Peer 1: 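Before anything else, here's the structure in question.
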Protein chains: 2
Amino acid sequence: MTTKRDAIIDSACHLIEVQGYHATGINQILEESGAPKGSLYYYFPEGKEGLASEAIERSSRLIESRIREVIAHGVDPAEGIRSFFVLLSERIEASDFRHGGPLTSVAVEAASTNERLRSACRNAYARWQEAFADRLREQYDDERAASLAALIVSALEGAIILSRSERNVAPLLAAGRELERLIRSG
Amino acid sequence: MTTKRDAIIDSACHLIEVQGYHATGINQILEESGAPKGSLYYYFPEGKEGLASEAIERSSRLIESRIREVIAHGVDPAEGIRSFFVLLSERIEASDFRHGGPLTSVAVEAASTNERLRSACRNAYARWQEAFADRLREQYDDERAASLAALIVSALEGAIILSRSERNVAPLLAAGRELERLIRSG
DNA sequence: GTCTATACTATGATAGAC
DNA sequence: GTCTATCATAGTATAGAC
């Protein structure tokens, strides 16, 4: 029932992450998902915007759970956060730098144009920050934890962009290393 | 002679920064620049890609000089870098969050598609990192300065994205504050 | 009632005619 | 040096098949 709809969202998640929002056409999403062209407006009456909105929601939830999972494993927040950056760099390298951040392109391309998508990105970033802040509160007060979490998410997004541009994970690893040091030293 | 060509590049810089790469059409660039419709291929035989490439070059040089100028004024590297983030936040807020990073959209949208533009972005980011690293070498050895510079540029790009998504400069200010602390504490 | 195929309109980049 | 034509493809919408 909802399985074909799901497949469309999955394809949208994937293609938007790899190619960007505007570069990803609706027919390409339909094609990759195996759904025939034109059935989009049955599943997504609001068109590309509605689909992208759901794709952002799904992608960002997945990342949020990964953040929580990985940083929980570190003996302390600093190590956990470093691990997350390392894991991310492995994933991006393994895809030959095709993968990036699942939100980034939408946040960049739709930030000043589309209120709904901007809002979806804002919420997603807020959840990620909260995931980091939750662990950081072991060591810091609320305000400082929030401030550090904001830096972490910013560095995350930026380092992915730099690493893809360089086709080299060095920026991601440098960010992880420096953030670990910052968090450890207080 | 070259003044109309220049105007086209300026418009491209502006529109790409505000709207993104794919969202910016050639005719819109021509229109804003006042150049006659269709005259793009006279000035830029390589089309949109060639124009974008020059726009990236120009924008990134401008930012590089701003980086060098602002961080030179701080009494120490930490303060200079913090100032740069504050200045950036003021500029973005003043534009009602329309402005962003001039490279970001191209780096995100063309990273996995267009080799030439990817390369142009890579070079630009390298120059920015070098600008920060130059000042950081007052205080750190080469390797550490490079590592910190990578984090700074990553945080810069990411914090702009977050701030635009939130329509709030808090992420930029948090990043500046935390980076200042990191650099100061060693 | 659920889903699919085809058609429509607008606009993109581009290139050749003036 | 400039403008108009071309061609592809985007997103959208609807009418009909199952």
Side-chain angles (χ1 to χ4, degrees), chain A residues 1-56 105-106 108-118 120, chain B residues 1-56 105-106 108-118 120:
Chain A
M1 184 67 76
T2 145
T3 178
K4 192 161 275 182
R5 201 184 119 98
D6 256 32
I8 293 175
I9 298 176
D10 278 339
S11 292
C13 288
H14 172 239
L15 288 169
I16 288 172
E17 175 172 354
V18 171
Q19 303 180 330
Y21 177 65
H22 277 116
T24 297
I26 276 193
N27 47 19
Q28 192 185 10
I29 295 171
L30 268 343
E31 195 180 336
E32 192 191 277
S33 69
K37 162 144 184 146
S39 68
L40 183 106
Y41 282 81
Y42 174 70
Y43 297 110
F44 302 94
E46 317 228 352
K48 190 184 185 181
E49 180 183 328
L51 170 55
S53 181
E54 290 210 42
I56 290 169
S105 71
V106 181
V108 170
E109 298 179 54
S112 57
T113 307
N114 186 311
E115 194 57 25
R116 179 179 180 184
L117 294 179
R118 184 185 71 75
Chain B
M1 184 65 75
T2 145
T3 177
K4 191 162 277 183
R5 203 185 116 96
D6 256 31
I8 293 175
I9 298 176
D10 278 340
S11 292
C13 288
H14 172 238
L15 289 169
I16 287 172
E17 176 171 353
V18 172
Q19 304 180 329
Y21 177 66
H22 277 116
T24 298
I26 278 194
N27 48 18
Q28 190 184 11
I29 295 172
L30 268 343
E31 194 181 335
E32 191 191 279
S33 71
K37 258 197 163 79
S39 70
L40 182 107
Y41 284 82
Y42 173 72
Y43 296 110
F44 301 93
E46 317 227 353
K48 191 185 185 182
E49 178 183 328
L51 170 55
S53 181
E54 290 209 44
I56 290 169
S105 72
V106 181
V108 170
E109 297 179 54
S112 56
T113 308
N114 187 310
E115 194 57 25
R116 180 178 179 184
L117 295 179
R118 183 185 71 76

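What you see is a predicted model, and the numbers here were worked out from it, not measured in a lab. Residue numbers begin at 1 in each chain, while the letters A, B, ... track the order of the sequences.
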Peer 1: Before accepting this row, confirm whether a basic side-chain N of the pair B/Glu54/B/Arg5 lies closer than 4.0 Å to the acidic partner's carboxylate O.
Peer 2: yes

Peer 1: Would a 4.5 Å heavy-atom cut-off, applied to side chains only, mark B/Leu117 and B/Tyr21 as touching?
Peer 2: yes

Peer 1: Taking salt bridge (Lys or Arg N to Asp or Glu O under 4.0 Å) as the definition, give me every residue that meets it alongside A/Glu17, ordered by chain and number, with sequence neighbours left out.
Peer 2: A/Arg91

Peer 1: Could you tabulate the donor-acceptor pairs under 3.5 Å formed by side-chain atoms of residues 24-32 of chain B, not counting sequence neighbours?
Peer 2:
| from | atom 1 | to | atom 2 | distance (Å) |
| --- | --- | --- | --- | --- |
| B/Thr24 | OG1 | B/Leu15 | O | 3.2 |
| B/Thr24 | OG1 | B/Gln19 | OE1 | 3.1 |
| B/Thr24 | OG1 | B/Gly20 | O | 2.7 |
| B/Glu32 | OE1 | B/His14 | ND1 | 3.3 |
| B/Glu32 | OE2 | B/Ser11 | OG | 3.4 |
| B/Glu32 | OE2 | B/His14 | ND1 | 3.4 |

Peer 1: Please tabulate the protein-to-nucleotide N/O contacts below 3.5 Å involving nucleotides 11-15 of chain C, giving atom names and distances.
Peer 2:
| from | atom 1 | to | atom 2 | distance (Å) |
| --- | --- | --- | --- | --- |
| C/dG12 | OP2 | B/Asn27 | OD1 | 3.4 |
| C/dG12 | OP2 | B/Asn27 | ND2 | 2.7 |
| C/dA13 | OP1 | B/Lys48 | NZ | 3.0 |
| C/dA13 | OP2 | B/Ile26 | N | 2.6 |
| C/dT14 | OP2 | B/Tyr41 | OH | 2.4 |
| C/dT14 | OP2 | B/Lys48 | N | 3.2 |
| C/dT14 | O5' | B/Tyr41 | OH | 2.5 |

Peer 1: Separation of A/Phe44 atom CZ from C/dT4 atom C1', in whole Å?
Peer 2: 16 Å

Peer 1: Please check: side-chain N/O of A/Glu109 versus main-chain N/O of B/Ser105, any donor-acceptor pairing under 3.5 Å?
Peer 2: no

Peer 1: Roughly, in whole Å, what's the span from OH in B/Tyr42 to P in C/dA17?
Peer 2: 19 Å

Peer 1: Ignoring backbone atoms, establish whether B/Tyr43 has a side-chain N or O less than 4.0 Å from OP1 or OP2 of D/dT2.
Peer 2: yes

Peer 1: For a quick test of reading the model: is some side-chain N or O of B/Lys4 closer than 4.0 Å to OP1 or OP2 of D/dG1?
Peer 2: no

Peer 1: Could you please spell out the steps behind the side chain to side chain contact (heavy atoms under 4.5 Å, CB included) verdict for B/Phe44 and B/Ile9?
Peer 2: CA-CA 10 Å; B/Phe44 301 93; B/Ile9 298 176; 3.6 Å; yes

Peer 1: Round to a whole Å and report the spacing from CG of A/Leu30 to C1' of D/dA10.
Peer 2: 13 Å

